[in-house]
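Beneath this line is the structure, given in structure tokens, with notes to follow.
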Amino acid sequence: MAKSAKTPKGKTNAEDYLQMYRQMVRIRTFEDTANQLYLSAKMPGLTHMYSGEEAVAVGICEALTDDDKITSTHRGHGHCVAKGANFKEMFCELLGKEEGYCRGKGGSMHIADQSHGNLGANAIVGGSMGIATGSALRAKLQGKDDVTVCFFGDGATAQGLLYEVMNMAALWNLPVIYACENNGYSEYTKTEEIAAGSITARAEAFGIEAFKVDGQDVLAVNDLTQKLVARCRKGEGPFFIELETYRYHGHHVGDINREYYRTKDEEKDWKTNRDPIIRFRSWLVSEGIATDEDIDAMNAEIEQDAAQAVAYAEAAAYPDGSEVTQHVYAD
Amino acid sequence: MREITLSQAVNEAIAEEMRRDETVFLLGEDVAEAGTPFKVLSGLVEEFGTERVIDTPIAEPGFMGIAVGAAMTGARPIVDLMFGDFIFLIMDQLCNQAAKTHYMSGGKLNVPLVLRTNLGATRRSAAQHSQSLQALVAHIPGLKVAMPSSAYEAKGLMKSAIRDNNPVVIFEDKLMYQDKAEVPEEEYLIPFGVGNVKRKGRDITLIATSSMVQVAEKAADILSAEGIEAEVIDPRTIVPLDEDLLIESVKKTSRAIVIDEGHQSYGVTSEIASRLNEKAFYHLDAPVTRMGAMDVPVPFSPALEDLTVPTPETVAAKARLLCGGELIDAA
Ligand SMILES: Cc1ncc(C[n+]2csc(CCOP(=O)(O)OP(=O)(O)O)c2C)c(N)n1
């Protein structure tokens, strides 16, 4: 469903709920398909899966319009889908094809989608914190009311850049929301071992209002974000949100034997008891917003969409060799 | 003689030096239980404990700075920087602090630290994980730069680096970690500033660094079948540079190609070529030629990425022209 710019995103009716569900399933399906591509050696490079964290990207991005910007991370497929990207261009990018969002030059870790305000994934942990804050400064200077959301992980809170830009964002009241996806791990290390004190207190030290929210609850995330986006538009930013979430897969697709840093039981617990999609689905059914049949049909349609996009991407052409020197400089 | 991988060679070198000198310690992201994503440091934490194999948060400027301070005050830190690309984050600590301290203190303070990192493209990792930044570091007086071309060099150079009283940067090629070579059981060190003639020849000198040594050797095989005998030289350290060895070889062959995986412009190849022009001009039958990575950010798509680095075929083609009396690009 194409989002038109400036549609108010009040998530209160059945259609909005179904859109959120749909976007979460789209992310999960995209990831499962990408994982298969990687495992069957069809996908070059490596990739970081977002499965498990869908409610974060969707809850936040559904509170934004196409004019609002986001910056993303090395785990960026979810943000890209949630912000409105198409499967076809995304899979083409993952396979290094000419029709990819970045003409095959970026790949999984650098996907950007200008048309929906996604300023790009970033392979440098913390690398986009300055970019997001700069985008917010531009909005303020130019009198625009768009908001920028900066996604980053708990591990990225160790980067000094965050503290430099939060200081300036607070001093200058910038319309930026720092969204810390705390999935409990920084690569192969537990968050407690890399982050001293409380994460939200770090933002509060700059006078930035900070919130902690259950990142597996899409409605809670969306509710909070809607409020903060509205306040940002009135010049009351910046804000900070810590979202408690979990990644189902390893740090990247090659991280298979991970028992030395996290147990199978823990993974199972999150997958069965705190899955954002299962949880939201049963809520939709119990509230009478959709039937199980409706939902199964929607899931099947998304799966088909992904299969078609992959088939398309596999058959698509690689960029011509002459493209290698194109885009080093802008015309 | 036994053969071990480059990864094992580095691991052994560090373990031996840590046993020999208790002031040596390791610092970096996921170096302990995880043993780094490339698993190069696996097992070290079991022997030396978390006091000497220290996991850090993702705070590169921070832990680099800490290493500088520890080195100035009597320890010998080895900093593990997961990807060479992250050098950009630590430039101040490396170049303004570590590199200049000995000089600025009139020789009274030393900074004996080793920065272990990597280089190299063609892993489909895209532009933020594929750079070869040795020239950037070699440009700064006060830093030494080693570029091992096999497991044998990796071990000997690492041991020298740890014993050196200066900041040393070692670039390992990411694609070579599993490459095996003969490595003696008994201790040996490879001194800095002493290059190695990998193959003798009379017609042209191929000066190559890191994985480009393999490329040059394969090019030499191709050329040899055509009656052109190439001499292949590995300088092993680019700072200090074994200029005499290079000049001697060029005086004999009267032609040279310099090959390095960094970008060609303003790079390692340019520096070596100029020195040969300055010091062996009257012995040359052709301009000294350079081959580096193309001056483009490394693209993700395999169709493009493979075009960006020198290959045995492109090196052989250039050598053939030079030996055929064609003055490449000369008016
Ligand atoms: C500056 C920098 N340092 C290290 C890395 C290697 N690295 C990639 S992802 C990652 C962990 C990031 O953890 P977190 O921010 O919590 O995000 P998550 O992976 O949990 O989503 C690390 C260390 C990097 N890409 N960039």
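These numbers come from the heavy atoms of this one structure, side chains and all, not from hydrogens, waters or symmetry mates. To find a chain, count down the sequence lines: A is the first, B the second, and so on, and within it residues start at 1.
Top candidate by heavy-atom pairs under 4.5 Å with chain A, chosen from B:E305, B:R123, B:E29, B:M82, is B:M82. Contact tally against chain B (heavy-atom pairs below 4.5 Å) for A:D320, A:L46, A:I194: the top residue is A:I194.
By the 30° and 60° cut-offs, the orientation of the rings of A:Y248 relative to A:Y246 is tilted. Classification of the A:H252-A:H48 ring pair by plane angle, with boundaries at 30° and 60°, yields perpendicular. Ring pair A:Y260/A:Y188 is tilted by interplanar angle, where 30° to 60° counts as tilted.
Under a 3.5 Å cut-off, the side chain of A:N118 and the backbone N or O of A:K69 do not form any donor-acceptor pair.
With a 4.5 Å cut-off on non-hydrogen atoms, A:N122 touches chain B through its backbone and its side chain both. Heavy atoms closer than 4.5 Å to chain A are found in the side chain of B:L307, but not in its backbone. Contact annotation for A:L95: only backbone heavy atoms (N, CA, C, O) come within less than 4.5 Å of a heavy atom of chain B. Interface residue B:F86: only side-chain heavy atoms are found under 4.5 Å from chain A. Heavy-atom distances place both the backbone and the side chain of B:A34 under 4.5 Å from chain A. For a residue to count as touching a neighbouring chain, one of its non-hydrogen atoms must lie under 4.5 Å from one of that chain's; by this rule A:L162 does not touch chain B.
A salt bridge links A:E267 and A:R262; the closest N-O separation between the charged side-chain nitrogens and carboxylate oxygens is under 4.0 Å. Using a 4.0 Å cut-off between charged nitrogen and carboxylate oxygen, B:D306 and B:R124 count as a salt-bridge pair.
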